[in-house]
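Please read the structure below before turning to the comments.
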Amino acid sequence: MLKYSNVLLARHLRRSAHVQERDVVGGLLCFFVPRRCRTVQAASCILVPSCPLCVELVLPLTTDATAVMNRESFAAGERLVSPAYVRQGCEARRSHEHLIRLLLEKGKCPENGWDESTLELFLHELAIMDSNNFLGNCGVGEREGRVASALVARRHYRLIHGIGRSGDISAVQPKAAGSSLLNKITNFLVLDMIKLAGVHTVANCFVVPMATGMSLTLCFLTLRHKRPKAKYIIWPRIDQKSCFKSMITAGFEPVVIENVLEGDELRTDLQAVKAKVQELGPDNILCIHSTTSCFAPRVPDRLEELAVICANFDIPHIVNNAYGVQSSKCMHLIQQGARVGRIDAFVQSLDKNFMVPVGGAIIAGFNDSFIQEISKMYPGRASASPSLDVLITLLSLGSNGYKKLLKERKEMFSYLSNQIKKLSEAYNERLLHTPHNPISLAVTLKTLDKHHDKAVTQLGSMLFTRQVSGARVVPLGSVQTVSGYTFRGFMSHTNNYPCAYLNAASAIGMKMQDVDLFIKRLDRIQM
């Protein structure tokens, strides 16, 4: 097929009884072409010559039919408006279509962000490829993209069918070519962003419409089929409920490895991990579940050493990288871990890293077949909302815009650190020395803790009532039971941290005025 020119190929496809021509989308002529050895129901593919992005055949708008269609449309317009004006409008439209064509051909985030008119053109033309938007479509099934509210339809750009099929969240839907194309493009853009952020050898990834905890559960359930005898997950302690509950929900028994105190930092106890692997036996261990992004004074796990342990004992390794994409240090740890040892998958949140609404995550890894196995484990179709949100965001920002945000976040981390240090010293407190944590900071609250037991928690309440969100106060001796497991010193990642403290983080999107206002309000409370 590829030996034909585009014009000849288009003519050949139109003569085939098995090919159904679709719409012109962003200057591209799209066809449904059945693959061999597939059922009729599964015979929707969008195949792009020399482009791995799609599963349907998409041809540049140079075929006879599309050229004639455009010529006839513009000629009709020229009878009503000056031909010079129509030609000018035609050229303006082609500039939008050129951006869309480059996106489809390269499968990478554009360097410079798109304007809203190009984005809306692209999304509307994707939408008209879905059967619920076909003129004269007659739907007689139980899921036909019917929406009662016009406001809801507009909110989703009339992309109603969602993504995936019952057997695979990454599969193409025959009656939703536009939504399927959106899904494929989004996955390629986030893959490009993960590489840009520092994990250069990542093989594959996909967006899943679940937050980080449930996405981790999906990874564990996929590993269950590979390791049917395994019942334990080794987990260096981090006091965050969702990652702990992700293991319980998947039906496994977490084996908590307490951290060791090195200076002010809480770090991975590698000897305890090795001892527990030998005690339980590698075949009985589903995986090691490690963490990158976390609240100080805990710091990212020793990923390289853990990856080597996993490789030596042939144990899978799943990394909770919840808000680590925004940190070059966290991404470097993942890249190095995969280089020297074993990392099977790493999971990151969409909202924490790409500033979109809560409800999505990215599952990525270095083995393409394993990532595909995870996507096939997802039961049923899925919401396209997280994919649509991150697609719009990345196309609006462009890779240059996202790199700028990453650079600004690093600068804000240094600025926040300096401002907190100055304020803490004024009140005879100190900023904890946690150089291995690139996002979160902690400042001691020893003075408050001496006054009375509730003074520390009252500080947190006072900050919240003064509209300071995200700051965490961690008192001494807190006890919390999560899914039947009791954690002493909960929120501090260890049983007995030496002092109470206050957390603040420099996350992507933070501005200097946020830091200044936080410091001003904290100072007024007289920490």
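Predicted, not measured: the structure shown is a model, and the values here were computed from it.
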Taking [Y]'s backbone N and O only, do any of them form a donor-acceptor pair with [X]'s side chain (distance below 3.5 Å, no angle check)?
X	Y	result
Ser179	Ile163	no
Arg227	Ile285	yes
Arg155	Ala150	no
Asn187	Val207	yes
Gln240	Ser242	yes
His289	Trp235	no
Gln335	Thr201	yes
Ser375	Ser170	no
Asp351	Pro357	no

With a 4.5 Å cut-off on side-chain heavy atoms, are [Y] and [X] touching?
X	Y	result
Asn367	Ile371	no
Val319	Thr291	no
Leu221	Ile374	no
Leu394	Asp192	no
Asn320	Thr292	no
Arg158	Asp130	no
Val277	Pro282	yes
Lys245	Thr217	no

Using a strict threshold of under 4.0 Å (side-chain N to carboxylate O), is an ion pair present between [Y] and [X]?
X	Y	result
Glu144	Lys175	yes
Arg101	Glu105	yes
Glu125	Arg93	yes

What's the shortest heavy-atom distance between [X] and [Y], and which atoms?
X	Y	value
His161	Gln173	O-NE2, 3.3 Å
His317	Cys287	N-CB, 4.4 Å
Leu182	Ser387	CD2-CB, 3.9 Å
Ser327	Pro438	OG-CG, 3.1 Å

Show the numbers, then the answer: is there a side-chain contact (heavy atoms from CB on, under 4.5 Å) between Ile334 and Phe366?
-> CA-CA 10 Å; Ile334 293 172; Phe366 301 91; 3.8 Å; yes
Pair [X]-[Y], side-chain donor/acceptor within less than 3.5 Å:
X	Y	result
Asn353	Gln348	no
Asp115	Thr118	yes
Ser328	Lys410	yes

Within 45° of the ring axis of Phe295 and under 6.0 Å from its six-membered ring centre, is that where the NZ or CZ of Arg472 lies?
->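 That pair qualifies as a cation-pi contact.
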How about [X] and [Y]: are their ring centroids closer than 6.0 Å?
X	Y	result
Phe354	Tyr323	no
Tyr485	Phe244	yes
Phe122	His96	no

Criterion salt bridge (Lys or Arg N to Asp or Glu O under 4.0 Å) on Arg339 and Glu304, from CA distance to verdict | CA-CA 8 Å; Arg339 184 183 67 83; Glu304 291 182 49; 5.1 Å; no
Between Arg342 and Asp314, is a salt bridge (Lys or Arg N to Asp or Glu O under 4.0 Å) present by the stated rule, with each step listed?
-> CA-CA 9 Å; Arg342 176 173 178 174; Asp314 193 26; 2.8 Å; yes
Check the surroundings of atom NZ in Lys231: do more than 12 heavy atoms from other residues, nucleotides or ligands lie under 6.0 Å from it?
->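 Incorrect, the count does not exceed 12.
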How many angstroms lie between CG in Asn112 and OG in Ser399, if you round to the nearest 0.5 Å?
->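 Asn112 CG to Ser399 OG: 7.5 Å, rounded to 0.5 Å.
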